[in-house]
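This report concerns only the one structure given below.
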Number of protein chains: 2
Amino acid sequence: MAGIAEVAAHAGVSKATASRALSGAGYVSEATKSRVQAAAAELGYVPSAGAVGLATGRTQNIGVVMPYVNRWFFAEVLEGIQQALLERGLDLTLYDAKPGTEGRARIFDDFLARKRFDGLIAVGLEPVDHELERLTRIDRPIVSVVGSSELTSVVAVDDDYAARRATEHLIALGHRDIAFVGGAPQSHWAHVDQERLSGYQHAMTEAGLASFIRHAHSEVTLPGGYAAAADLLSDTRRRPTALVGVCDEVAIGAIIAARRLGIQVPSALSVAGIDDHEFAEMFSLTTLQQVPREQGRAAVSVLLAEIAEPGRARTELRIPARLIVRSSTAGIAPVESGV
Amino acid sequence: MAGIAEVAAHAGVSKATASRALSGAGYVSEATKSRVQAAAAELGYVPSAGAVGLATGRTQNIGVVMPYVNRWFFAEVLEGIQQALLERGLDLTLYDAKPGTEGRARIFDDFLARKRFDGLIAVGLEPVDHELERLTRIDRPIVSVVGSSELTSVVAVDDDYAARRATEHLIALGHRDIAFVGGAPQSHWAHVDQERLSGYQHAMTEAGLASFIRHAHSEVTLPGGYAAAADLLSDTRRRPTALVGVCDEVAIGAIIAARRLGIQVPSALSVAGIDDHEFAEMFSLTTLQQVPREQGRAAVSVLLAEIAEPGRARTELRIPARLIVRSSTAGIAPVESGV
DNA sequence: TTGAAAGCGCTACCAG
DNA sequence: CTGGTAGCGCTTTCAA
């Protein structure tokens with residue numbers, strides 16, 4: 001309730017001086033500065049964010065748009081962003097833009113246009129053209145996490161590399177009949193799924209296993225992976241010896257399905273994922289680790305740099321995933337020596 | 001970029017009239033109203049949230065504080081809140097107040113004090129005294145989701161009832177040696193854990209099974225449930241015939257542990273949970289359903305009512321969970337006729 | 001080093 | 001029904 005005017009009065013100075021003393025900008029004698037600070041503390045003064053925003057043009061607030069918050073990856077990125085902002089005293093306003101909903105349309109048409117933020121982080125948005133056009137209108141720095149964009153800075157894991165590496169790991173173990181599970185033709189996360197699928201395809205092709213390439217579509221969720229794998233594995237005649245999941249959730253779903261079908265992992269079936277999901281350890285899942293929390297933090301750094309220095313060249317951060325071998329993968333037949 | 005002054009000029013009216021025409025408050029002739037609206041549309045006018053906030057004292061923004069965003073329950077509540085706010089054109093700023101962190105302290109000391117919102121929703125916060133004191137200082141309506149509070153309105157499932165019902169279900173199936181899994185002495189979510197534990201204890205006691213009461217502590221996560229159950233079940237001499245999980249994540253962890261130990265569910269072990277988690281179906285988990293998304297929506301309704309009508313009496317919504325019987329529970333010995 | 005005053009963009013009161 | 005004007009709470013020239 002106490003405004004800067006009261007603080008100023010209390011300290012016996014003008015509003016202008018009080019403002020300088022509190023914000024640290026401009027010349028103020030040490031004596032008056034501490035007097036003002038004391039007054040502010042005593043009155044429990046807290047500046048009005050709205051007024052500061054109006055006067056400075058800086059909202060001290062960052063917008064975050066993502067299609068889901070209840071998926072591991074997104075939740076982790078969000079936490080990373082939140083932590084980084086917290087340390088810097090910035091607020092975060094969240095826009096949950098679920099694909100294909102009316103709410104998403106409103107976010108792009110109304111909410112984002114309000115520009116209640118100094119910059120925006122778009123996580124796995126995969127905007128369609130119309131939405132992209134809205135985004136460019138915003139006239140505030142934007143950083144994308146996941147995906148690719150010519151217009152914004154990007155922070156992401158190298159998806160192609162991750163899937164390739166997972167596949168190579170299985171090939172090195174002697175597998176030939178390796179299927180790729182996850183991703184649907186018109187999944188929203190099309191880009192990532194596609195990159196990973198193609199990483200798998202490349203690895204297979206390079207190893208001369210092009211004829212074994214198989215893609216079992218599924219929703220990119222744990223139950224989705226479960227269903228797809230249950231389907232794929234129940235056909236005993238054409239059962240692959242190894243699976244690459246488009247992400248850990250799908251891979252874990254596949255492991256659960258295998259267990260229910262009585263198929264031993266890894267002796268009868270090897271499964272590799274991508275992510276290092278919080279459940280990966282529990283399922284002894286071999287995976288390619290990415291740390292979404294760090295991606296969130298990195299996105300904040302990049303964004304703040306762009307806010308501080310308008311016109312800065314865009315940044316593109318591609319982070320290589322790291323292979324973590326646990327015990328969901330094992331050799332088949334005589335094991336070849338590894339890569 | 002276009003301000004209301006330009007819109008006014010474009011439409012040949014004063015700023016005041018333009019404001020009324022756009023906000024719909026006060027008398028404006030239909031003719032001028034549509035003229036102003038046309039001008040606004042043409043110029044792509046979007047009001048400055050900060051300025052509106054300053055002038056009206058309403059930020060059109062709701063704050064949400066929660067200790068985690070990456071747990072099923074919290075993520076679901078968050079989505080419910082977000083949806084409800086979206087429909088009403090309100091923004092949401094998120095504060096991720098992880099217990100015991102420095103960030104949490106900052107949120108309570110600095111961020112919330114900024115009062116950048118018209119009202120606050122606290123999800124599973126369980127504030128300690130010092131924090132509670134901060135909260136009361138905020139002087140904005142607050143609604144709690146989960147937990148209990150004398151000071152704020154509350155929206156929550158009836159935890160005692162849910163656990164009691166789960167336990168009764170198992171008792172009705174003929175089980176006597178039923179253990180409760182989950183919750184640690186100083187878990188952050190102490191209140192909920194405690195309520196559920198005591199629901200279990202009551203049901204056991206009322207059925208004359210007090211001597212069978214057993215509580216296996218664990219972290220309230222899927223891996224936590226896995227670890228605790230693995231421990232509990234590996235002692236073959238004292239193995240219970242049924243388990244009540246403090247929540248579905250723990251219950252599912254227990255099922256996974258049981259399967260790994262070769263214990264058939266439900267023939268050798270019945271498991272019941274509380275939540276109806278997104279994975280419940282996949283594990284055929286019998287559970288007491290709550291719908292956190294709806295709790296989020298309800299919290300928004302209550303909060304907006306309190307914002308609209310200051311001094312309104314506090315609301316307390318206790319929602320009874322609904323028993324969903326799947327196939328993780330079954331009778332032991334001759335099945336008694338059910339409750 | 002400090003103070004006075006002019007806005008930031010909008011709403012709301014009060015005349016007309 | 002409409003326009004002028006005074007703020008909302010803060011920052012920021014510009015003089016002193």
Side-chain angles (χ1 to χ4, degrees), chain A residues 1-40 43-61 89 91 110 113-118 139-140, chain B residues 1-40 43-61 89 91 110 113-118 139-140:
Chain A
M1 284 283 74
I4 201 172
E6 298 169 60
V7 174
H10 208 78
V13 297
S14 70
K15 275 166 50 182
T17 305
S19 173
R20 280 183 294 243
L22 262 15
S23 72
Y27 293 107
V28 191
S29 75
E30 279 308 319
T32 54
K33 177 184 278 187
S34 54
R35 200 144 36 88
V36 172
Q37 287 171 337
L43 296 173
Y45 167 73
V46 178
S48 148
V52 174
L54 239 200
T56 61
R58 282 257 182 286
T59 62
Q60 309 291 1
N61 185 36
D91 272 332
D110 305 343
R114 284 189 205 158
K115 299 194 261 206
R116 230 180 159 132
F117 39 77
D118 300 327
D139 188 37
R140 295 262 186 290
Chain B
M1 284 278 76
I4 200 171
E6 297 169 60
V7 174
H10 209 78
V13 297
S14 70
K15 274 168 48 183
T17 303
S19 172
R20 279 183 295 240
L22 262 16
S23 71
Y27 294 106
V28 190
S29 75
E30 281 306 320
T32 54
K33 178 184 278 187
S34 55
R35 200 144 37 87
V36 172
Q37 288 172 337
L43 297 171
Y45 167 73
V46 178
S48 148
V52 174
L54 241 200
T56 60
R58 282 261 181 284
T59 61
Q60 308 293 2
N61 184 37
D91 271 333
D110 306 342
R114 284 188 206 158
K115 299 193 260 205
R116 229 180 157 130
F117 39 77
D118 299 328
D139 188 37
R140 294 261 187 291

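A quick note: this is a predicted structure, and the numbers were derived from the prediction, not measured. First the proteins, then the strands, lettered A, B, ... as listed; each starts at 1.
At least one donor-acceptor pair closer than 3.5 Å links the side chain of A:Asn61 to the backbone N or O of A:Arg116.
Summarising the geometry, the separation between CZ on B:Arg58 and C1' on C:dT11 is reported as 14 Å, rounded to the nearest angstrom. Atom CD1 in B:Ile4 sits roughly 12 Å away from atom P in C:dG9 (whole-Å rounding). The NZ-P distance, from A:Lys115 to C:dG9, rounds to 11 Å in whole Å. If you measure from atom OH of A:Tyr45 to atom C1' of D:dG9, you get 8 Å, rounded to the nearest angstrom. Spacing between atom CZ of B:Arg116 and atom C1' of D:dG9 amounts to 14 Å, rounded to whole angstrom units. Rounded to whole Å, atom P of D:dT11 lies 10 Å from atom CD of A:Gln60.
Atom CD1 of B:Ile4 is separated from atom CG of B:Leu43 by 11.5 Å, given to the nearest 0.5 angstrom.
Listed by chain and residue number, B:Thr59 satisfy the side-chain hydrogen bond (donor to acceptor under 3.5 Å, both in side chains) test with B:Asp118 (two or more places apart in sequence, or in another chain). In this view, A:Ser14 and A:Thr17 satisfy the side-chain hydrogen bond (donor to acceptor under 3.5 Å, both in side chains) rule, not counting sequence neighbours.
Closest non-hydrogen pair, B:Gly89 versus A:Arg114, comes out as O-NH2, 2.7 Å. Taking both residues in full, the closest heavy atoms of B:Lys15 and B:Ala5 are given as CG-CA, 3.9 Å, listed atom of the first, atom of the second, then distance. A:Ala40 approaches A:Leu22 most closely through the heavy-atom pair CB-CD1, 4.2 Å. Shown here for B:Lys33 and B:Val28, the closest heavy-atom pair between the two residues is N-CG1, 3.9 Å.
Residues from residues 29-37 of chain B placing a heavy atom under 4.0 Å of any atom in DNA chain C do not occur.
Between B:Tyr27 and C:dG16 there is no side-chain polar atom (N or O) within less than 4.0 angstrom of OP1 or OP2.
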> What string of B, S and - do you get for nucleotides 3-8 of chain C 5' to 3' if you count protein non-hydrogen atoms under 4.0 Å?
Replying inline: BB---B

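Across the helix from C:dT1-D:dA16 to C:dG16-D:dC1, the helix axis at one end is tilted relative to the axis at the other end by 40° (nearest 10 degrees, each axis from five pairs).
Listed by first then second residue, pairs satisfying side-chain hydrogen bond (donor to acceptor under 3.5 Å, both in side chains) with a partner in residues 21-30 of chain A read A:Ser29-A:Thr32, not counting sequence neighbours.
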